[in-house]
Trainee: 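Have a look at the structure that comes next, please.
What you see is a predicted model, and the numbers here were worked out from it, not measured in a lab.
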Amino acid sequence: MKTAVKLLCVITGLVLANLSAHAVRPDIRWLGGGHNAEVRGLVVSPDGQWIASGCNDQTVKLWRSADGKLVRTLQADLSAAVLSVAFSPDSQRIVAGCGTEYGGTATGFLELWQVSDGSMVWTQRVSWATPVVDYASDGQRVAAACPDNNIYLLRATNGAIERTLTGHTSPVFCLAFAPNGQTLASGSEDKSIRFWNASNGGLLHTINTAHNGSVRWVDYSPDGTLLASAGYDNKVKIWRTSDYGLVRTLSSHTNLVLSVAFSPDGATLASGSVDKTAKLWRVSDGALLRTLEGHTDWVYSLAFATNGNTLYSGAYRRIKQWEVATGASLADLTGHNGGVRGAAFSPDGQWLVTGSDDQTAILWRAADGALQRRLGGHSNFVVAVAFSPDSGLLATASQDKLIKLWNVTNGNLVLNLTNHTATPYAVVFAPNGTNLGSLGSDGVRFWNVADGQNYQTLSAGSGGSCLAWSPDGQFVAAGCFDKQIRVWRTSDFGLATTLTGHSNSVAALAFSADGQRLGSVSFESARIWRVTDWSLERSLAETNSSLLFVTGQLSPDGQFMATAGSGGLRFWRVADGSMMSSYNDEIGRTINGIAFAPDGSSYSYARTDGTVAVARTPGAPLLSIFHATTNTVAVSWPSPSTGWDLQQNTNSVSSVNWSNLTSGIQDDGTNKTLIFSPPTGNRFYRLHKP
């Protein structure tokens, strides 16, 4: 018989009284996701640790250059598209140029963030729609090029405008500080390149017809002796900065050139184009070294890694990583390329699945966020996802009216369920794993998982968007657009009860793991219902009426509830309805879905900006399991952790038969550890607060 030990950190009676009132960012373990529009700005930090990407999807994403992992998503104010980004010389800050339609008027913003925590240092609103930014090498100034034909020099500490540079006769599309910070170059729709004294704003020189079309990008060589420009005449040009003479013209692109970038050693120049390629050129003689093909849309932005061995290119919904020496495509910095609609952990705790507007579902490794598999095949948004109880099957529901069943192990499609005549906005497996429930405006449908037969259909009024199956399999509850919750018995599909009280459509439903409670979420409140008599136990109402609930989930033990939406992420104590913690950092504009890991130690939330996050459940001591030696296993948790009992059971969801383990626990002042020989059969461990 195989020996297995399973870890469960269900935190029964969770108490969060010691949470800091000032905590605004969840304790994030990992982030995943990509951009869902054109990547307009791309830059590597001077210290080489970070890649920042700015996008029309109104975000700046910060990636770790060592492994391409997403570290932070910065949300631009007022739904502004991010058009350019730049790091400060010390790599501690990011400045972004943003543009939007605000109040019917084209408006621009400059926003400066701290890299360490994502906090915004300042925002400067300007009356121009598309500012392009760069950071001076002394770290004291930021420059912005704008469509009002002007360039603005701002104080980096507070965003105050110090000087306005005038002279261009058309919108200014690009600028770059020289490496020494003394000169600023700018390119314009007027076809010219102008060179300015960065200290006093004086005009040094003008190349009147630099390109036969708009100048879209400029970049200095690392030693400052050359300037490269990209133009709407399909050409790249290299200029001497000593006398402003043309060194050479590079002609190979078949469409408009949008971006150029010098390698750190100045020997190679990269260019990106509307022709969907990036090209690498030898600077010394202008020879075309290689053409990088793989993007399916315009290449808007380019950045070399600080070692010069890697090039990053940004296009629509994609950042690609290339090996400079060979031109090989190494990886994509991506995940979902559309808003994330929902998330679910596998019951064995190994996987997280998310569905997205990009028409795919992604299977992530729950421990570290490694992207394991992308499941395509739907022809519209994937709006709901669910695992089977044995974690072997995955269901995805889409606005294409299809439900697909997938084999988790190999990613193969098992079945298409096709009877829905409207979008199935919710899908859930029965606890026995043999049946599946789904909900759309055409009713609740029940399916046989083995053959895909739709064996029962129930009316749910005008339909709904959430469905929950009780852990004992006796009830199915539907949250409906008519503000009601309908609960049916699965034995005869008779209506068990109708729960009323919400004043808006019910957006989320969840049973606690012990089946004793049902949680529901609507825009105005979250409610907790007792399953024994279907009475209302608690109503959780947000005091700020502008913050709308969109989704919610009960913790596995039913002791607290997480809610989220357009106003933040909240954790509530079920016993008294008090709010235990509130987060508004690193949550984007709206959270569409929340899912707790089976052991309750972590949770995931899905954001409309394409980001998925996994965070540690607040207040829960972390319980870990590992091999102490070849023949022993250790369960460990932080010390001190007063008031928590280590318990063992053979049933992960049982509310009974948990036994305290007290003898043999070692405490070194930092961790408490119990070492034992692996038992026969499954064992589940949890920290319990009586």
Side-chain angles (χ1 to χ4, degrees), residues 32-34 36 317 334-346 351-364 371-388 393-408 410-429 435-449 451-454 457 460 462-469 478-481 505 507-509 550-551 590-595 604-612:
N36 58 18
R317 292 187 169 185
T334 187
H336 280 303
N337 297 316
V340 185
R341 294 276 184 148
F345 281 95
S346 61
W351 310 109
L352 175 76
V353 64
T354 51
S356 170
D357 292 354
D358 66 9
Q359 304 179 12
T360 72
I362 288 181
L363 194 67
W364 314 80
L371 195 157
Q372 297 298 296
R373 186 168 291 112
R374 188 187 301 271
L375 303 175
H378 284 292
S379 60
N380 211 320
F381 299 170
V382 177
V383 296
V385 290
F387 279 101
S388 62
L393 288 178
L394 172 66
T396 59
S398 168
Q399 285 190 1
D400 62 11
K401 304 176 186 177
L402 295 178
I403 297 171
K404 292 179 180 287
L405 298 183
W406 310 82
N407 183 300
V408 172
N410 56 28
N412 290 340
L413 180 64
V414 178
L415 278 175
N416 276 315
L417 310 182
T418 61
N419 283 22
H420 271 290
T421 58
T423 300
Y425 283 107
V427 61
V428 60
F429 279 91
N435 304 113
L436 183 79
S438 58
L439 171 64
S441 59
D442 58 348
V444 181
R445 294 179 182 269
F446 294 88
W447 312 81
N448 187 310
V449 171
D451 59 11
Q453 178 187 1
N454 177 196
T457 302
S462 57
S465 61
C466 50
L467 195 67
W469 212 308
C480 301
F481 296 140
S505 299
L509 280 178
V550 173
T551 187
T590 302
I591 293 175
N592 274 335
I594 298 175
S604 176
Y605 57 92
R607 295 168 41 165
T608 55
D609 63 12
T611 304
V612 56

Trainee: Nearest 0.5 Å please: distance from the OG1 atom of T360 over to the CG atom of L375.
Mentor: 8.0 Å
Trainee: Here's a test for you: under side chain to side chain contact (heavy atoms under 4.5 Å, CB included), which of L405, V428, N448 qualifies with L436?
Mentor: L405
Trainee: With a 4.5 Å limit on heavy-atom distance, are the side chains of V408 and L363 in contact?
Mentor: yes
Trainee: Would you check if the side chain of R317 reaches a backbone N or O of G338 as a donor-acceptor pair within less than 3.5 Å?
Mentor: no
Trainee: Of all the heavy-atom pairs spanning S438 and P424, show the shortest one and how long it is.
Mentor: CB-CB, 4.5 Å
Trainee: Shortest non-hydrogen contact from I591 to T551?
Mentor: O-CG2, 3.8 Å
Trainee: Testing the 3.5 Å rule here: is there a donor-acceptor pair between the side chains of H420 and D442?
Mentor: yes
Trainee: Is a side-chain donor or acceptor of D400 paired with a backbone partner of S379 at a separation under 3.5 angstrom?
Mentor: yes
Trainee: Is there side-chain contact between S465 and F481, with heavy atoms separated by less than 4.5 Å?
Mentor: yes
Trainee: Please name the pair of heavy atoms, one in A361 and one in V353, separated by the smallest distance, quoted to 0.1 Å.
Mentor: CB-CG2, 4.2 Å
Trainee: Below 4.5 Å, heavy atoms only, C-beta onward: do R374 and D358 meet side chain to side chain?
Mentor: yes
Trainee: How long is the span from the OG1 atom in T590 to the CZ atom in R607, to the nearest 0.5 Å?
Mentor: 10.5 Å
Trainee: Could you tell me if the side chain of F429 sits less than 4.5 Å from the side chain of L393, heavy atoms only?
Mentor: yes
Trainee: So, N416 versus T418: side-chain donor-acceptor pair below 3.5 Å or not?
Mentor: no
Trainee: Counting distance only, does the side-chain N/O of T354 pair as donor-acceptor with the main-chain N or O of G342 below 3.5 Å?
Mentor: no
Trainee: Taking the side chain as everything from C-beta on, heavy atoms only, tell me whether V385 gets closer than 4.5 Å to W406.
Mentor: no
Trainee: Do K401 and T421 come within less than 4.5 Å of each other through their side chains, counting heavy atoms only?
Mentor: no
Trainee: Look up atom CG in L467 and atom CZ in R445, then write down how far apart they are to the nearest 0.5 Å.
Mentor: 13.0 Å
Trainee: Considering only heavy atoms from C-beta outward, does the side chain of S604 approach that of V612 to under 4.5 Å?
Mentor: yes
Trainee: Could you check N36 against H336 for side-chain contact (heavy atoms from CB on, under 4.5 Å), going step by step and ending with a plain yes or no?
Mentor: CA-CA 8 Å; N36 58 18; H336 280 303; over 6 Å; no
Trainee: Which heavy atom of S356 sits nearest to which heavy atom of G339, and what is that distance?
Mentor: OG-O, 3.0 Å
Trainee: What I'd like to find out is whether the side chain of R341 reaches to under 4.5 Å of the side chain of V382, using heavy atoms alone.
Mentor: no
Trainee: Roughly how far, to the nearest 0.5 Å, is the CD atom of Q359 from the CG atom of N337?
Mentor: 11.5 Å
Trainee: For the side chain of S398 and the backbone of F381, is there at least one donor-acceptor N/O pair under 3.5 Å apart?
Mentor: yes
Trainee: Please report the shortest heavy-atom distance between L439 and A460, naming the atom on each side.
Mentor: CD1-CB, 3.9 Å
Trainee: Taking S441 for its side chain and G463 for its backbone only, find out whether a donor-acceptor pair lies under 3.5 Å.
Mentor: no
Trainee: Considering residues, nucleotides and ligands other than K404, do more than 12 of their heavy atoms fall under 6.0 Å from its NZ?
Mentor: yes
Trainee: Taking all non-hydrogen atoms of both residues, which atom of L352 and which atom of A343 are closest, and how far apart?
Mentor: CD1-CB, 4.1 Å
Trainee: Look up atom CG in N407 and atom CG in L415, then write down how far apart they are to the nearest 0.5 Å.
Mentor: 11.5 Å
Trainee: Short question: side chain of N454, backbone of F446 - any donor-acceptor pair under 3.5 Å?
Mentor: yes
